[in-house]
Amino acid sequence: MIPKFPTTIVEAKIYQEGIAKKIILSDSFLKSSIVGAFDIAYKENTAFAAGVIYDCSTKSVIEEKVISDRVEFPYVPNYLFLREVPHFLTLLDRIVNIPDIMIIDGHGIAHPRTAGSASIFGIIANIPSIGVAKKPMKFFSYKETNQDNLDEVYLNQNRVGFRYKFEKKWNPIYISPGHKISFESSYNITKGLLTSKHKLPIPQQLAHLLAAKYKKTII
DNA sequence: GCGACAG
DNA sequence: ATCTTGTCGC
């Protein structure tokens with residue numbers, strides 16, 4: 001069941017503020033062995049959303065699903081959720097193995113209203129979620145940690161996530177809690193899925209490739 | 001008016 | 001995100 005979404009930026013801003021109040025930043029899951037990731041590729045006015053459900057204990061993919069759908073909203077900075085989250089929810093409806101944790105391509109609470117698309121997805125789907133983004137938002141500031149290659153991301157005076165560079169050769173990734181998960185688990189789970197082969201955590205990398213591949217199969 | 005801006 | 005081949009580097 002897909003809820004109604006705001007249709008204007010003004011409504012969306014109010015919606016984000018409402019979502020922000022509901023976010024839980026503590027671990028609300030019993031296990032985290034099944035991790036899913038969603039990503040979307042675009043071709044003109046069509047979105048190709050891909051989901052990969054990954055079993056961390058056996059290090060294997062247990063489910064893959066793709067859907068294509070009409071793009072309903074343009075990309076507007078800070079309002080990515082309007083463009084992407086509806087497709088994620090449609091995809092989730094088709095998925096059999098509901099994951100313990102979801103990785104969403106984009107930011108979680110690392111957002112001007114602490115309501116990035118990963119948080120909004122997490123609240124609506126009621127699934128613990130992590131936002132993993134490839135680019136920072138312009139107003140982030142950073143604070144070093146005692147760990148190499150790991151910085152805390154700050155927005156105003158608040159910690160909102162991490163900047164982490166797993167391998168020197170790549171740009172860093174930006175990890176922030178989405179919903180029903182702590183900062184520490186967001187970081188640990190994401191880090192546990194990184195390899196020296198790719199910049200992104202395994203399920204997210206696979207979802208990215210699957211979406212791109214699916215797009216290419218369509219004329 | 002111009003450039004920047006999660007994807 | 002997308003338009004795009006080979007190519008440099010790990």
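Source: prediction; values computed, not measured. A, B, ... follow the sequence lines: proteins, then strands. Residue 1 opens every chain.
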### Query
Which pairs, with at least one residue in residues 120-142 of chain A and sequence neighbours excluded, count as a salt bridge (Lys or Arg N to Asp or Glu O under 4.0 Å)?
A:D105-A:K134
### Query
What pair of heavy atoms forms the shortest contact from A:S129 to A:A118, and how long is it?
OG-O, 2.8 Å
### Task
Would you name the heavy atoms of A:P201 and A:V132 that are closest together and state the gap between them?
CD-CG1, 4.1 Å
### Task
Could you tell me whether A:E17 and A:K22 have a side-chain N and a carboxylate O separated by less than 4.0 Å?
no
### Query
With a 4.0 Å cut-off on heavy atoms, is A:S117 in touch with a base, just the backbone sugar-phosphate, or nothing at all?
base
## Note on the structure
Paired runs of 3 or more consecutive Watson-Crick or G-U pairs involving DNA chain C, with both pairing distances under 3.5 Å, are none
### Task
Would you please name every residue forming a side-chain contact (heavy atoms from CB on, under 4.5 Å) with A:H87, sequence neighbours left out?
A:I40, A:A47, A:A49, A:D69
### Message
Surrounding CZ of A:R159 (heavy atoms of other residues, nucleotides or ligands, distance under 6.0 Å), is the total greater than 12?
### Response
yes
What pairs of nitrogen or oxygen atoms, one from the protein and one from nucleotides 1-3 of chain C, lie under 3.5 Å apart?
unit_1 : atom_1 : unit_2 : atom_2 : d
C:dT2  : OP1    : A:Y42  : N      : 3.2
C:dT2  : OP1    : A:K215 : NZ     : 3.1

### Message
Both conditions, 6.0 Å and 45 degrees, for the charged tip of A:R163 above the ring of A:F140: are they met here?
### Response
no
### Considering all heavy atoms, the nearest A:D27-A:S185 contact
OD2-OG, 2.7 Å
### Task
Look at the aromatic rings of A:F88 and A:F38 and report parallel, tilted or perpendicular, splitting at 30° and 60°.
tilted
### Query
Other than A:L80, which residues form its hydrophobic cluster under the rule that side-chain heavy atoms must be closer than 4.5 Å?
A:Y75
### Task
Verify whether the ring centers belonging to A:Y79 and A:F73 lie closer than 6.0 Å.
no
### Task
Apply side-chain contact (heavy atoms from CB on, under 4.5 Å) to A:P3 and list each qualifying residue two or more places apart in sequence or on a separate chain.
A:F5, A:L89, A:I124
### Task
Stems involving DNA chain B: give each as a range paired with a range, ordered by first number, where a stem means at least three consecutive Watson-Crick or G-U wobble pairs under 3.5 Å.
none
Can you pull every protein N or O that's under 3.5 Å from an N or O on nucleotides 6-9 of chain C?
none

### Task
Sequence neighbours left out, what passes side-chain contact (heavy atoms from CB on, under 4.5 Å) with A:T145? Give chain and number order.
A:Q147, A:L150, A:E152
### Summary
Span of DNA chain B engaged by chain A, first through last nucleotide within the 4.0 Å heavy-atom cut-off, is B:dC5 to B:dG7
### Query
Touch check for A:Y79, heavy atoms < 4.0 angstrom, all strands: base, sugar-phosphate only, or nothing?
base
### Task
Kindly write out the residues that satisfy side-chain contact (heavy atoms from CB on, under 4.5 Å) with A:D100, not counting sequence neighbours, or none if the list is empty.
A:K31, A:S33, A:I34
### Query
Sequence neighbours excluded, which residues qualify as ring-ring contact (aromatic ring centres under 6.0 Å, His included) partners of A:Y15?
A:F81
